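Chain letters run A, B, ... following the sequence lines, proteins first, then strands; residues in each count from 1. Everything quoted here is computed from the prediction, not taken from an experiment.
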2 protein chains.
Amino acid sequence: MARTRAHNPRPFKREKHDHRRCVTTALDRAAKVCAAKGARLTAIRRQVLELVWQSHRPAGAYDILAALGRKRDYVAPPTVYRALEFLRAQGLVHRIESLNAFVGCERPGEPHCGQFLICRACGRAAEMADGRIEAAVRRGLAEAGFALERPTVEALGLCPDCQPPAEAGNA
Amino acid sequence: MARTRAHNPRPFKREKHDHRRCVTTALDRAAKVCAAKGARLTAIRRQVLELVWQSHRPAGAYDILAALGRKRDYVAPPTVYRALEFLRAQGLVHRIESLNAFVGCERPGEPHCGQFLICRACGRAAEMADGRIEAAVRRGLAEAGFALERPTVEALGLCPDCQPPAEAGNA
DNA sequence: GGCCGGGTGTTATCTTATAACATAACGTTC
DNA sequence: GAACGTTATGTTATAAGATAACACCCGGCC
Ligand SMILES: [Zn+2]
Ligand SMILES: [Zn+2]
Ligand SMILES: [Zn+2]
Ligand SMILES: [Zn+2]
């Protein structure tokens, strides 16, 4: 039963990691996904995607707008929103509803239900891929007679790095 | 193992139901919850709660603002937002992040993870109470080392009433 | 009275998002 | 390579959602 790993046990990256690699991987994957679908990853869309991946903190549309303004001539809000909508339609970014912000998708190409941990201390958001959560959600909604289109789970809290140190030897 | 019902199998109300009863129940419960906590359910807060319960469609802050203006003298946005924030802190309403809107909580007093089905056709939102989803979410987040504070599940789709009729005899 | 704190009123402003229309770039066909 | 339909972007204006900052009121308390 070729069961892929049920979930990623470490959704939050280390504080220090080779983030340039995150970015290049994301851009490479995006190119592949778009090519496979015949979608056009234009210059602006690519730049917006790159800016979304600037960090693991969700980026607001106007943050991206401002950053984009530094790279090229000023662009107006609709341009950014259109690019973000395109990227979301391709499954390349997720929108974090509770923050009105966007993060790059960790698993583009694989359809999945968005599951996010949002740290209210450091602001990072990590995407989980817990098959059990997804299964529970899909089952619950099916039992409610609901035709599911786009489920998302968002949890606000404290990431491992931002939690006060445990008193006892509780790992 | 006094297991409460795992979930409500019919989160969406019938089109026609005695909705006044929904409202009065909600207001009664709110009074009890506030009394128990020593929180003051003032006139404005109560009116805002009543307006949130006007229907099972999530109400935007400015919808409430407008409706409130019809009942009493004009109130400014901060008044409504403060009332909504109070109600949310008391667990009397939930915010639907993906809609920037608010719905009354079906189970005030019982701490729970918000689970919502949002129909993109009729606009209604139904709160689920699926213990298995909640358990899966809590477990997944705990395994990720995440200190959980406020998990929510939101699913966009079509409610049973709004789905195209099934072709075959598939219930 | 004088003080405090919670709740509300008021004004102004900020952030987020989209409507509507104009223009440019691309791909195809002949 | 001109004409055409299609998709993407530019531009202007505005809608929609949310909050900051400060004033005021009112009840309880000393
Ligand atoms: Zn990274
Ligand atoms: Zn953190
Ligand atoms: Zn009702
Ligand atoms: Zn519906």
Side-chain angles (χ1 to χ4, degrees), chain A residues 30-31 34-35 37-52 57-69 71-90 92-103 120 123 154 156, chain B residues 30-31 34-35 37-52 57-69 71-90 92-103 118 120 123 125 154 156:
Chain A
C34 288
K37 295 198 200 186
R40 293 170 53 193
L41 187 60
T42 62
I44 284 197
R45 291 168 174 174
R46 194 183 153 90
Q47 288 172 339
V48 168
L49 181 60
E50 194 171 354
L51 287 168
V52 166
R57 282 175 240 286
Y62 280 73
D63 298 338
I64 292 167
L65 184 65
L68 209 51
K71 289 186 143 189
R72 48 153 65 217
D73 284 347
Y74 169 82
V75 296
T79 301
V80 172
Y81 280 99
R82 287 192 282 233
L84 288 168
E85 176 50 33
F86 168 86
L87 295 169
R88 198 163 64 81
Q90 308 305 319
L92 297 170
V93 306
H94 292 281
R95 180 182 160 85
I96 307 292
E97 300 290 353
S98 56
L99 298 178
N100 295 331
F102 299 81
V103 285
R120 67 173 164 73
E154 294 182 16
L156 184 70
Chain B
C34 288
K37 296 198 198 185
R40 293 171 52 194
L41 188 59
T42 63
I44 284 195
R45 290 168 175 174
R46 193 183 152 89
Q47 288 173 339
V48 168
L49 181 60
E50 194 172 351
L51 287 168
V52 167
R57 281 174 241 285
Y62 279 73
D63 297 339
I64 293 167
L65 183 65
L68 208 51
K71 290 187 144 188
R72 49 153 64 217
D73 283 347
Y74 169 81
V75 297
T79 301
V80 172
Y81 280 100
R82 286 191 282 233
L84 288 169
E85 177 49 32
F86 169 85
L87 295 170
R88 197 162 65 81
Q90 307 305 319
L92 297 170
V93 305
H94 292 281
R95 181 182 160 83
I96 307 292
E97 300 290 353
S98 56
L99 297 178
N100 296 331
F102 299 81
V103 284
I118 303 151
R120 67 173 164 74
E154 295 182 15
L156 184 70

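- Of the listed nucleotides (D/dT9, C/dA17, C/dT10), C/dT10 has the atom at the smallest distance from the side chain of B/R82.
- Of the candidate nucleotides C/dT10, D/dT11, D/dA18, C/dT10 has the atom lying nearest to any side-chain atom of B/T79.
- For A/R40, the side-chain atoms get nearest to D/dA8 when compared with the rest of D/dT12, C/dT11, D/dA8.
- Atom CG of residue A/D63 and atom CZ of residue A/F102 lie 11.0 Å apart, to the nearest 0.5 angstrom.
- For A/P77, the side-chain atoms get nearest to C/dA17 when compared with the rest of C/dG9, C/dA17, D/dG10.
- Salt bridge status for A/R88 with A/E85: present, with a side-chain N to carboxylate O gap under 4.0 Å.
- Here the nucleotide nearest the side chain of B/R95, chosen from D/dT19, C/dA17, D/dA18, is D/dA18.
- Put simply, the side chain of A/Y62 and the base of C/dA17 share a donor and an acceptor less than 3.5 Å apart.
- With distances taken from any side-chain atom of A/I44 to the nucleotides D/dT9, C/dA17, C/dG9, the minimum falls on D/dT9.
- Closest approach to the B/A61 side chain among D/dA18, C/dA17, C/dT11 is made by D/dA18 (side chain taken as heavy atoms from C-beta onward).
- The interatomic distance linking A/E97 (CD) with C/dA17 (C1') rounds to 13 Å, in whole Å.
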### Task
Output, in order, the C-alpha distance, side-chain angles, deciding distance and verdict of side chain to side chain donor-acceptor pair (under 3.5 Å) for B/R45 and B/Q90.
CA-CA 11 Å; B/R45 290 168 175 174; B/Q90 307 305 319; over 6 Å; no
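- Residue contacts for B/R46: at a heavy-atom cut-off of 4.0 Å it reaches no nucleic acid atom on any strand shown.
- Comparing D/dA8, D/dA18, C/dA19 by their nearest atom to the side chain of A/P78 picks out C/dA19.
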